[in-house]
S.K.: 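Here it is: the structure, laid out below.
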Amino acid sequence: MSQERLTLSYSSIICFLNNQIQFKKRYIAKVYDDPTSPAMVVGKAIHKMIEERLKGQEIEIAIQSGLQEIENVADYEIEYGKTGSRDKILAEYQKLSTTVINELPHYDNILAVEDKVENDITILGKRIPMKSYVDLVQDDGECLDITDFKTVSTYSDEESENYRYLMQGWVYTHQVEGKYKKPVRRVIFCEIKKSINRDGQPQIKSYILDRAAIDAANDIIGRVIKSVSDYIENPAAQYFPNPSDMLNGQRSMEIVAQMEGINIKTIHTTERREKYAPVNTVVAEDTVKADGNENERIMAKLAEFGIGGKLENVISSNSVDTYILRPNRGVKMSKIATLGDDLALALGSEAVRVVAPIYGTQTVGIEVPKEQQFPACSGSGAGTFIPIGVDTMNNVIYDDLAKMPHMLIGGQTGSGKSVFIRNIIMSLKGCDVTVVDCKMVDFADLDGEYCEIIDERSDAIAKVSRLVKLMDGRYRRRVKNGRRKVLVIDEYADLIMGLPKEHKQAFETGLCRLLQKARAANINVIIATQRPSADIVAPIIKANCPVKACLRVATGKNSEIIIDQIGGEKLLGKGDMLYLGTGMINPVRVQAFAPIETKGTR
């Protein structure tokens, strides 16, 4: 064995007392290749999170540091067993980190965090070099408090002595006093359970040793540490295995005490903190502070649900601010997607929509409404190009009516549906546009200049019949470039509900034929309704209108009927829409253009 003196630590002493072979392997040969358990990986990550939090970092940054600690551990370093996995480690960390953050006490007068202390301790006349990494040192002016955070499977027995804590507290006390030249008042071992308590009990419990308890163990702990130091410095000392592990750290201290006739019983106290959010009780305080900015409130609310990540950017558009979140590994998109209402509560917002993920990226969009601004149409549309609006990434959206081929629009009163349709009508050039408007309110001023207005149901039936004949004629003559015809039906629900049964069937049959075949004959149909219910929007109509615009609707079910997903019920109205355009796989959020002026001619 080398004659170089070994710097001892609390962990090396415990390792020696447990197993001399393991001690020789780790602290003499410097071999640290034993795989660690998943629970230990979680514990180290929690410890790192607490360290960063105590240093003053924001909650999301502290949680992220713990996740990075898990990332730094390679798979070959973890003993997963039969049922363990990295996904389970991440899930356990996310749940536990949220609970710990909520219950973590507030510490004042912090002197040092993760403090490296290395000095000599004189024990029974022998100077022994020792080192420690102390989690937290507090200074109240006259005395110091030491806190060490432990992740445990079960809390320490209140009736039994914890010799490991006693030894660690003794070592920390003497080393910290040697460094800061102030007396230590007490050592607090803050125990954090690795599993979530389902009975509402606190997740954190403190095992406290005051100075009197530590001093009562001076003799026995000093003898044990000196004996270990003497043994490992003796070149003739033999390291022997301990197969049964009967002489563990606790027994060794008891045996030495018996041999020396020393009583090492100490008096310690325990302290339980009230749980932050007990099961089925009222929460006294919310971690989401009202005075924080939106970034902080978003990340704090996500942290409450065990979701970590990084806000990479904020994109401000005409109707919403989109927070671009890159979630941590192991976070399910379905879990984030359901948190719109919780985020709205944290932000005090009318409605928050979560896009998980943003299509084609590895990020999530959190859309927070703001005061709407209505973009002006540039008038760049020509021919069959129609103006849609500006999306949340500030892209100007136009679409080509000729490629659609047909369009379905849904939105309740006040959603901006009529303004959106007016802009489409006024932008079409070189097309014959017919508008069925039985209310004769929204488009009357466009009659003759921009389109033909039909306000009678019988005329609507006749118009559909003529378009069907035109379509059949163009097919027979193989006409591909005839003048484009566009049929716009506003308030489709009111139209068909007011038709007699026999006329309704004829109208729907003709309309369905147009939807199925009219595109190749240069005929397009746009259907709009303020009542997008299943009995109004028949499946065959929906299937033949691949382009869909969902403005604000009353319920998530209405939204699903239009675009096959919820979200339309959380829109702002006034032209705020989810638009599924030509060639799109998922709808995008778009703020429709302001009304186009009617001055001038086409």
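What you see below is based on every heavy atom in this structure, not just the backbone, and it leaves out hydrogens, waters and symmetry mates.
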S.K.: Hey, mind stepping through Arg185 and Asp210 against salt bridge (Lys or Arg N to Asp or Glu O under 4.0 Å) and telling me if it holds?
M.R.: CA-CA 6 Å; Arg185 180 177 57 179; Asp210 62 17; over 6 Å; no

S.K.: For Ile101 and Met49, run side-chain contact (heavy atoms from CB on, under 4.5 Å): C-alpha distance rounded to whole Å, both residues' side-chain angles, the deciding distance at 0.1 Å, then the answer.
M.R.: CA-CA 9 Å; Ile101 282 288; Met49 178 200 71; 3.8 Å; yes

S.K.: Would you say Arg86's side chain and Ile70's backbone share a donor-acceptor pair under 3.5 angstrom?
M.R.: yes

S.K.: Between Thr99 and Gln203, does any side-chain donor sit less than 3.5 Å from a side-chain acceptor?
M.R.: no

S.K.: Using a 3.5 Å distance criterion without hydrogens, assess whether the side chain of Ser206 forms a donor-acceptor pair with backbone atoms of Ile208.
M.R.: no

S.K.: Nearest 0.5 Å please: distance from the CD1 atom of Ile146 over to the CG atom of Leu209.
M.R.: 11.0 Å

S.K.: Of all heavy-atom pairs between Ser317 and Asn394, which one has the smallest distance, and what is that distance?
M.R.: CA-OD1, 3.3 Å

S.K.: Using a 4.5 Å cut-off on heavy atoms from C-beta on, say whether the side chain of Lys116 contacts that of Lys131.
M.R.: no

S.K.: Give a yes or no on whether a salt bridge exists between Lys55 and Glu51, defined as a side-chain N under 4.0 angstrom from a carboxylate O.
M.R.: yes

S.K.: Set out, in order, the CA-CA distance, both residues' side-chain angles and the distance that settles salt bridge (Lys or Arg N to Asp or Glu O under 4.0 Å) for Asp139 and Lys182, then state yes or no.
M.R.: CA-CA 9 Å; Asp139 185 358; Lys182 278 189 176 183; 2.9 Å; yes

S.K.: Check the pair Leu90 / Leu67 against side-chain contact (heavy atoms from CB on, under 4.5 Å), numbers first and verdict last.
M.R.: CA-CA 8 Å; Leu90 290 168; Leu67 288 165; 3.8 Å; yes

S.K.: Ile214 and Val187: which non-hydrogen atoms are nearest, and at how many Å?
M.R.: CD1-CG2, 3.6 Å

S.K.: To check you understand the geometry: which heavy-atom pair defines the closest contact between Pro129 and Asp120, and what is its length?
M.R.: CA-OD1, 3.1 Å

S.K.: Go through Asp342 and Lys301 one step at a time and tell me if the salt bridge (Lys or Arg N to Asp or Glu O under 4.0 Å) criterion holds.
M.R.: CA-CA 8 Å; Asp342 298 284; Lys301 178 57 71 173; 5.5 Å; no

S.K.: Kindly give the heavy-atom pair with the smallest separation between Asp108 and Gln138, and that separation in Å.
M.R.: O-NE2, 2.8 Å

S.K.: Treating Ser85 as the side-chain partner and Lys88 as the backbone partner, does any N or O pair qualify as donor plus acceptor under 3.5 Å?
M.R.: yes

S.K.: When you measure from the side chain of Glu79 to the backbone N and O of Thr36, does any donor-acceptor pair fall under 3.5 Å?
M.R.: no

S.K.: Distance check, rounded to the nearest 0.5 Å: Met299 atom CE versus Glu296 atom CD?
M.R.: 11.0 Å

S.K.: With a sphere of 6.0 Å drawn around CD1 of Ile336, does it hold more than 12 non-hydrogen atoms of other residues, nucleotides or ligands?
M.R.: yes

S.K.: How long is the span from the CD atom in Gln175 to the OH atom in Tyr133, to the nearest 0.5 Å?
M.R.: 11.0 Å

S.K.: Any side-chain heavy-atom pair from Leu339 and Ile307 closer than 4.5 angstrom?
M.R.: yes

S.K.: Is it true that, when you exclude Lys332 itself, more than 12 heavy atoms of the residues, nucleotides or ligands shown sit nearer than 6.0 Å to its NZ?
M.R.: no

S.K.: Any side-chain donor paired with an acceptor under 3.5 Å for Tyr180 and Asp115?
M.R.: yes

S.K.: Determine whether Glu312 and Arg326 satisfy the following criterion, salt bridge (Lys or Arg N to Asp or Glu O under 4.0 Å), listing intermediate values before the conclusion.
M.R.: CA-CA 7 Å; Glu312 293 189 339; Arg326 184 175 294 276; 2.4 Å; yes

S.K.: Using a 4.5 Å cut-off on heavy atoms from C-beta on, say whether the side chain of Gln68 contacts that of Asn72.
M.R.: yes

S.K.: Answer yes or no: is there a side-chain heavy-atom contact under 4.5 Å between Val314 and Thr322?
M.R.: no

S.K.: Under a 3.5 Å distance rule, please check whether Asn234 uses its side chain to pair with a backbone N or O of Asp230 as donor and acceptor.
M.R.: no

S.K.: Could you grab the distance from atom CD of Glu177 to atom CG of Asn119, nearest 0.5 Å is fine?
M.R.: 11.0 Å

S.K.: Taking the six-membered ring for Trp, are Phe189 and Tyr165 parallel (under 30°), tilted (30 to 60°) or perpendicular (over 60°)?
M.R.: parallel

S.K.: Working note: Leu124 + Arg223, criterion side-chain contact (heavy atoms from CB on, under 4.5 Å); need CA distance, chi angles, decisive distance, verdict.
M.R.: CA-CA 8 Å; Leu124 299 176; Arg223 289 172 184 271; 3.9 Å; yes

S.K.: Only one of Thr151, Asp135, Asp148 passes side chain to side chain donor-acceptor pair (under 3.5 Å) with His47; say which it is.
M.R.: Asp135

S.K.: Answer yes or no: does atom NZ of Lys335 have more than 12 heavy-atom neighbours from other residues, nucleotides or ligands under 6.0 Å?
M.R.: yes

S.K.: Is a salt bridge present between Glu367 and Arg353, judged by a nitrogen-to-oxygen distance below 4.0 Å?
M.R.: yes

S.K.: Using atom types as modelled and distance alone, determine if a side-chain donor or acceptor of Ser229 lies under 3.5 Å from a backbone N or O of Ile225.
M.R.: no

S.K.: Quick one: are Leu311 and Ile324 in side-chain contact, heavy atoms under 4.5 Å?
M.R.: no

S.K.: Please examine the side chains of Met167 and Tyr163, heavy atoms only from C-beta on, and report whether any two atoms are closer than 4.5 Å.
M.R.: no

S.K.: If every non-hydrogen atom of Asn162 is compared with every non-hydrogen atom of Ser156, which pair is closest and at what distance?
M.R.: ND2-OG, 3.2 Å

S.K.: Could you give the distance from CD1 (Ile89) to OG (Ser37), rounded to the nearest 0.5 Å?
M.R.: 8.5 Å

S.K.: Go through the steps for Phe23 and Ile232 under the test side-chain contact (heavy atoms from CB on, under 4.5 Å), then give the verdict.
M.R.: CA-CA 10 Å; Phe23 173 85; Ile232 63 177; 3.6 Å; yes

S.K.: Side chains of Leu347 and Ile298: does their closest heavy-atom pair fall under 4.5 Å?
M.R.: yes

S.K.: Whether the side chain of Ser349 engages the backbone of Val352 through a donor-acceptor N/O pair (distance < 3.5 Å, no angle test) should be reported.
M.R.: no

S.K.: Is it the case that more than 12 heavy atoms not belonging to Met584 sit under 6.0 Å from its CE atom?
M.R.: yes

S.K.: Does the structure place the NZ or CZ of Lys193 under 6.0 Å from the centre of the six-membered ring of Tyr155, at an angle of no more than 45° from the ring's axis?
M.R.: yes

S.K.: Using every non-hydrogen atom in the two residues, find where Tyr107 and Cys190 come nearest and quote the distance to one decimal.
M.R.: OH-SG, 4.3 Å

S.K.: Begin with the C-alpha distance, continue with both residues' side-chain angles, and end with the deciding distance and a verdict on side-chain hydrogen bond (donor to acceptor under 3.5 Å, both in side chains) for Lys370 and Ser319.
M.R.: CA-CA 6 Å; Lys370 65 176 188 179; Ser319 55; over 6 Å; no

S.K.: Ile192 versus Ile50: any side-chain heavy-atom pair under 4.5 Å?
M.R.: yes

S.K.: So, Ser97 side chain and Gln94 main chain: donor-acceptor pair closer than 3.5 Å or not?
M.R.: yes

S.K.: Between atom CG of Leu343 and atom OH of Tyr323, what is the distance when rounded to the nearest 0.5 Å?
M.R.: 11.0 Å

